[in-house]
Student: 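One structure coming up, written as structure tokens, with questions to follow.
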Number of protein chains: 2
Amino acid sequence: MPRPSTPLLSPDRIRSVALAIIDRDGLDGLSMRKLAAELGVQAASLYGHVRTKDQLLNDIASSILSTVDVSGFEVDWREGLIRCARSYRAALSSHPNIVPFLAYGPAGREESLQRLDLLHGALVDAGWSRREATMIAAGLMYIVFGSALSSFSSGFSADPADYTDRYPHLDRAHLLPGVARELDRDSFELALAAFVRGL
Amino acid sequence: MPRPSTPLLSPDRIRSVALAIIDRDGLDGLSMRKLAAELGVQAASLYGHVRTKDQLLNDIASSILSTVDVSGFEVDWREGLIRCARSYRAALSSHPNIVPFLAYGPAGREESLQRLDLLHGALVDAGWSRREATMIAAGLMYIVFGSALSSFSSGFSADPADYTDRYPHLDRAHLLPGVARELDRDSFELALAAFVRGL
DNA sequence: GGGTTAACCTAACACTGTTCGGTTAGTCGG
DNA sequence: CCGACTAACCGAACAGTGTTAGGTTAACCC
């Protein structure tokens, strides 16, 4: 097939289909050939629109991070922290499969830094030292990313029988997928509340 | 080369060289061929001692996790939580490059579960409900893994000039590698202290 | 000393991301 | 209207990945 009348590819379409594949098949489930196939195209054609796979993932990551909302600091810094963390977590957990890439890659993402800068400024305005503000922001990110990786409760979904005998203390209620999600959210809320309260 | 007089390979040697490569070249820097080469052997030979690369990584991960110490709950549960978290973080940050794999993979690791079970039991003994104990343990893991991924301060080590103008609030002192490590540790301690205090 | 097994090898398979050189449809200048 | 040029796609290839099948030989046991 030579040049088609109307282009089959665009950066936006590539990103959106790639994200759909990641959501469906996981991070390892995305290959350039598979992505191309689902776009009705050969793999090489992608490189006219995307510099590299890593760049593609970065772009997707940035677009997800750009939905994070850091407003709400006018009221009070505690409320601002909580809202920011919730928004961050919501953004991450809407596409959980890409979180490992996000956490792995450099934190120096434009979107991430902008929001961090705002957060940092708000904390300093509230009376914290610069160093403290940095550490508080870091702590908040620990909780957000730790919970979004969610290698915790959703990582348990193996055979319940494995746990019952060997780990007497562990409640196995959280093995049910529905409960696991709820438990993850509640754990996040508890950790967040405890962290902010303890500051 | 046929069967050598003294075996060149053993699961232990393979694991230790593999971990050395990961520490030196990163998680992506480990390939079976490279590992084999450093062991003075061909790649296929590894599969007589190791079922699969993923299994190898899991074994390495388990051996790292097995150094985590969850004692210290006799004194008081707050102290126990803090000691456990510190020990966990120490174990992870001694081999930071494997943390992404650890965080990515299932939490259902034998070593991880044993310690989780103990922690859970200690919390229940201290008067928390089973559900609360689970959530507290999860929260602790969020902070530990979030901090060990350390996609925070060590992720910034780019060009300092990039930050100065665009992000006025961000202090750029933490760009210095030495400071970054210290800041990471202090951020972890602050998050941990705030979390435990806030419970 | 012969048979068995364990430890290594070579070669290959099916993938991966990425690049090079071609082929053609669309677009613009004269 | 026609030629030059570019944009968009393709086929084939490269170097690399994890993994397996089948072969070769040294060490071990009876």
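Within every chain, numbering begins at 1; the chains are lettered A, B, ... in the order of the sequence lines, protein sequences first and strands thereafter.
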Student: What is the distance from CG of A/L46 to P of D/dG11, rounded to the nearest Å?
Tutor: 14 Å
Student: Return a table of donor-acceptor pairs under 3.5 angstrom between the side chains of residues 32-44 of chain A and protein atoms on other chains or two or more places apart.
Tutor:
from  : atom 1 : to    : atom 2 : distance (Å)
A/K34 : NZ     : A/D25 : OD2    : 2.9
A/K34 : NZ     : A/G29 : O      : 2.9
A/E38 : OE1    : A/R24 : NH2    : 3.0
A/E38 : OE2    : A/R24 : NH2    : 2.8

Student: Specify the separation, in whole Å, of atom CD1 of A/I14 and atom P of D/dA8.
Tutor: 11 Å
Student: What residues, two or more places apart in sequence or in another chain, satisfy side-chain contact (heavy atoms from CB on, under 4.5 Å) together with A/A133?
Tutor: A/H120, A/L123, A/V124
Student: With sequence neighbours left out, write down each residue that passes side chain to side chain donor-acceptor pair (under 3.5 Å) with B/S63, or none if nothing qualifies.
Tutor: none
Student: Side-chain donor-acceptor contacts of residues 70-84 of chain B below 3.5 Å, not counting sequence neighbours, with atom names and distances?
Tutor:
from  : atom 1 : to     : atom 2 : distance (Å)
B/S71 : OG     : B/D69  : OD1    : 3.0
B/S71 : OG     : B/D69  : OD2    : 3.2
B/E74 : OE1    : B/G72  : N      : 3.3
B/D76 : OD1    : B/R78  : N      : 2.7
B/R78 : NH1    : B/V196 : O      : 2.7
B/E79 : OE2    : B/R83  : NE     : 3.3

Student: Between D/dG18 atom P and B/N58 atom CG, what is the distance in whole Å?
Tutor: 15 Å
Student: Tell me the interatomic distance from A/R13, atom CZ, to D/dC9, atom C1', rounded to whole angstroms.
Tutor: 14 Å
Student: Does the side chain of B/S45 get closer than 4.0 angstrom to OP1 or OP2 of C/dA7 through an N or O atom?
Tutor: no
Student: Figure out the CD/P separation between A/Q42 and C/dG22, and round it to whole Å.
Tutor: 19 Å
Student: Looking at A/H49, does any N or O in its side chain come under 4.0 Å of the phosphate oxygens OP1/OP2 on D/dA7?
Tutor: no
Student: Any protein N or O atoms within reach of nucleotides 14-18 of chain C? Criterion: under 3.5 Å, listing atom names and distances.
Tutor:
from   : atom 1 : to    : atom 2 : distance (Å)
C/dT16 : OP1    : A/S31 : OG     : 3.2
C/dG17 : OP1    : A/M32 : N      : 3.3
C/dG17 : OP1    : A/K53 : NZ     : 2.8
C/dG17 : OP2    : A/M32 : N      : 2.8
C/dG17 : N7     : A/R33 : NH1    : 2.7
C/dG17 : O6     : A/R33 : NH2    : 2.9
C/dT18 : OP1    : A/T52 : OG1    : 2.2
C/dT18 : OP2    : A/Y47 : OH     : 2.7
C/dT18 : OP2    : A/T52 : OG1    : 3.4
C/dT18 : OP2    : A/K53 : N      : 2.8
C/dT18 : O5'    : A/Y47 : OH     : 3.4
C/dT18 : O4     : A/R33 : NH2    : 3.4

Student: State the CG-CG distance between B/L192 and B/L140, to the nearest 0.5 angstrom.
Tutor: 6.5 Å
Student: List for me each residue that meets side-chain contact (heavy atoms from CB on, under 4.5 Å) alongside A/S62, sequence neighbours excluded, and say none if there are none.
Tutor: A/R109, A/E111
